[in-house]
Amino acid sequence: MVALAPGCTRPAPSPSPPAAPAPSAPATTSRGPGLVVLTDVDPRIRTDIRYAGAHNFVGRPVAGYSEPLCLLTRRAAEALRRVQDAALARGRSLKVYDCYRPRRAADDFVGWARQPGEQQMKAEFYPRVAKSKLFDEGYVGAPTAHSRGSTLDLTLVDVPTPTQPPYAPGQPLVSCTAPRGQRFADNGVDMGTGFDCFDPLAHTDSPRVTGVARDNRRLLRQLMTDGGFVNYDREWWHYRYRDEPWPDTYFDLPVARSSAEPAGG
């Protein structure tokens, strides 16, 4: 999820190169956020950390992602463990795409937005939206709630979980809005679009999403809402822990095990 943090305003439209906000402000505390590695708290939850690799909307590893890990505040991670219990009772498991995101990563997105020629992943992630509109329409923004440590992007997978084919840089791209059998073969259940699909079809309650995909979105939202998380209505995958410990602070520790506390506290 790359949406604007609550309380942030979208920049006014401007001619190319695309409009983008200034890099995010520094954190306002010297205390650490108390991050933990999610798989240390609950190894049953699957991970597919897209910004640590090349299969994302910028087409390369994003600044600050030193390791493909999901870091969360302990409070959010423990809440997500309870959600996983409820998901498993329904024959599903959680799979996370992104969790804590350092400020430098959000600033990397701002820098990318200022380069109109950098669009090698457009065909998959924003095929029907001009890059110059990604900030104006709320798909990309800085600062982001992810930098507060209690927001994550996720989906559901079946149990047992099918193998996911690896992404090969340079492979032909298919629109994230294409039917499930045509777009990237993510091993998640059908949600109607791929992850990080910058398109109205990805809005959680899009009326154009029906049948199994609609039911899967509703199940994910029910599980997460019951677990204390709030959905961002423009992205079916994006959830913020309601009782987050740092609602006003944005951190810049790298995504690495060295940034985390021991799982046992």
Side-chain angles (χ1 to χ4, degrees), residues 1-8 24-52 62-87 93-109 141-156 195-196 220-221 223-232 235 237-265:
M1 148 60 192
V2 285
L4 292 168
C8 296
S24 53
T28 57
T29 179
S30 59
R31 293 177 56 193
L35 300 173
V36 294
V37 177
L38 177 62
T39 52
D40 290 348
V41 175
D42 193 335
R44 304 170 301 174
I45 299 176
R46 280 63 165 170
T47 61
D48 182 7
I49 308 301
R50 294 288 185 87
Y51 298 148
V62 176
Y65 283 79
S66 302
E67 299 177 56
L69 297 173
C70 170
L71 303 183
L72 288 172
T73 60
R74 186 178 303 277
R75 191 180 298 174
E78 291 176 349
L80 201 65
R81 178 172 57 192
R82 295 189 288 273
V83 176
Q84 174 73 346
D85 289 337
S93 172
L94 304 178
K95 184 179 87 164
V96 297
Y97 295 113
D98 191 40
C99 301
Y100 162 74
R101 183 186 308 160
R103 291 195 328 263
R104 72 191 77 177
D107 293 344
D108 192 10
F109 293 153
T144 171
H146 282 270
S147 298
R148 304 198 299 258
S150 297
T151 293
L152 71 156
D153 301 334
L154 79 168
T155 190
L156 296 170
F195 165 64
D196 255 3
L220 178 61
R221 183 166 58 183
L223 291 168
M224 294 297 286
T225 300
D226 290 349
F229 291 83
V230 180
N231 176 243
Y232 174 59
E235 298 173 342
W237 53 83
H238 173 89
Y239 286 85
R240 173 184 59 84
Y241 186 53
R242 184 181 295 108
D243 191 24
E244 59 180 314
W246 300 103
D248 303 307
T249 307
Y250 302 86
F251 296 94
D252 196 36
L253 295 167
V255 177
R257 182 166 287 276
S258 61
S259 298
E261 297 180 347

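A quick note: this is a predicted structure, and the numbers were derived from the prediction, not measured. FYI, side chains are in, hydrogens and waters are out, and symmetry mates aren't considered; it's all heavy atoms of this structure.
Side-chain atoms of Tyr241 never come within 3.5 Å of backbone atoms of Leu72 as a donor-acceptor pair (strictly under, hydrogens ignored). Not one N or O on the side chain of Glu244 forms a donor-acceptor pair closer than 3.5 Å with the backbone of Arg148. In this structure, the side chain of Ser259 engages the main chain of Pro254 through a donor-acceptor pair within 3.5 Å. In this structure, the side chain of His146 engages the main chain of Cys99 through a donor-acceptor pair within 3.5 Å. Formation of a donor-acceptor pair under 3.5 Å by the Trp246 side chain with backbone atoms of Gly149 is not found in this model.
Among all heavy-atom pairs drawn from Tyr100 and Asp98, the shortest one is O-OD1, 4.2 Å. Scanning all heavy atoms of the two residues, the minimum distance from Tyr250 to Arg103 falls at O-NH1, 3.3 Å. Closest of all the heavy-atom pairs between Arg75 and Asp243 is NH1-O, 2.8 Å. Shown here for Leu253 and Pro33, the closest heavy-atom pair between the two residues is CD1-CD, 3.7 Å. Annotation for Ala63 and Asp108: closest pair N-OD2, 2.9 Å, computed over non-hydrogen atoms. Nearest heavy-atom pair across Val36 and Pro262 is CG1-O, 4.3 Å.
The side chain to side chain donor-acceptor pair (under 3.5 Å) check on Thr73 picks up Ser150, with sequence neighbours excluded. With sequence neighbours left out, the salt bridge (charged side-chain N to carboxylate O under 4.0 Å, His left out) criterion links Arg50 to Asp48, Asp186. Residues forming a salt bridge (charged side-chain N to carboxylate O under 4.0 Å, His left out) with Asp40 (at least two apart in sequence, or on another chain): Arg257. Residues meeting the ring-ring contact (aromatic ring centres under 6.0 Å, His included) test with Tyr97, sequence neighbours left out: Phe195. Contacts of Arg82 classified as salt bridge (charged side-chain N to carboxylate O under 4.0 Å, His left out), with partners at least two apart in sequence or in another chain: none. Residues satisfying the side chain to side chain contact (heavy atoms under 4.5 Å, CB included) test with Pro68, not counting sequence neighbours, are Ile49, Ala52. Considering only residues two or more places apart in sequence or on other chains, Ala105 meets the side chain to side chain contact (heavy atoms under 4.5 Å, CB included) condition with Val62, Tyr65, Arg101, Pro102. Arg46 meets the side chain to side chain donor-acceptor pair (under 3.5 Å) test with Ser93, Thr161; sequence neighbours excluded. Under the side chain to side chain donor-acceptor pair (under 3.5 Å) criterion, Arg81 pairs with no residue at all, not counting sequence neighbours. For the side chain to side chain donor-acceptor pair (under 3.5 Å) test, no residue two or more places apart in sequence or in another chain qualifies with Asp226.
Asp196 places a side-chain heavy atom less than 4.5 Å from the side chain of Tyr51. Using a 4.5 Å heavy-atom threshold, the side chains of Leu71 and Val37 count as touching. Between Asn231 and Leu220 the shortest side-chain heavy-atom distance does not fall below 4.5 Å.
Here Thr155 contributes atom OG1 and Lys95 contributes atom NZ; the two are 7.0 Å apart, rounded to the nearest 0.5 Å. The distance from the CG atom of Leu69 to the CG atom of Leu35 is 11.0 Å, given to the nearest 0.5 Å. Rounded to the nearest 0.5 Å, atoms CG (Leu156) and CH2 (Trp237) are 14.5 Å apart. Leu38 CG to Gln84 CD: the interatomic distance, rounded to the nearest 0.5 Å, is 9.0 Å. To the nearest 0.5 Å, the span separating OG1 on Thr39 from CZ on Arg44 amounts to 12.5 Å.
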With side-chain contact (heavy atoms from CB on, under 4.5 Å) as the test, would you mind laying out the steps for Leu80 and Phe229 before giving the verdict?
CA-CA 9 Å; Leu80 201 65; Phe229 291 83; 4.1 Å; yes
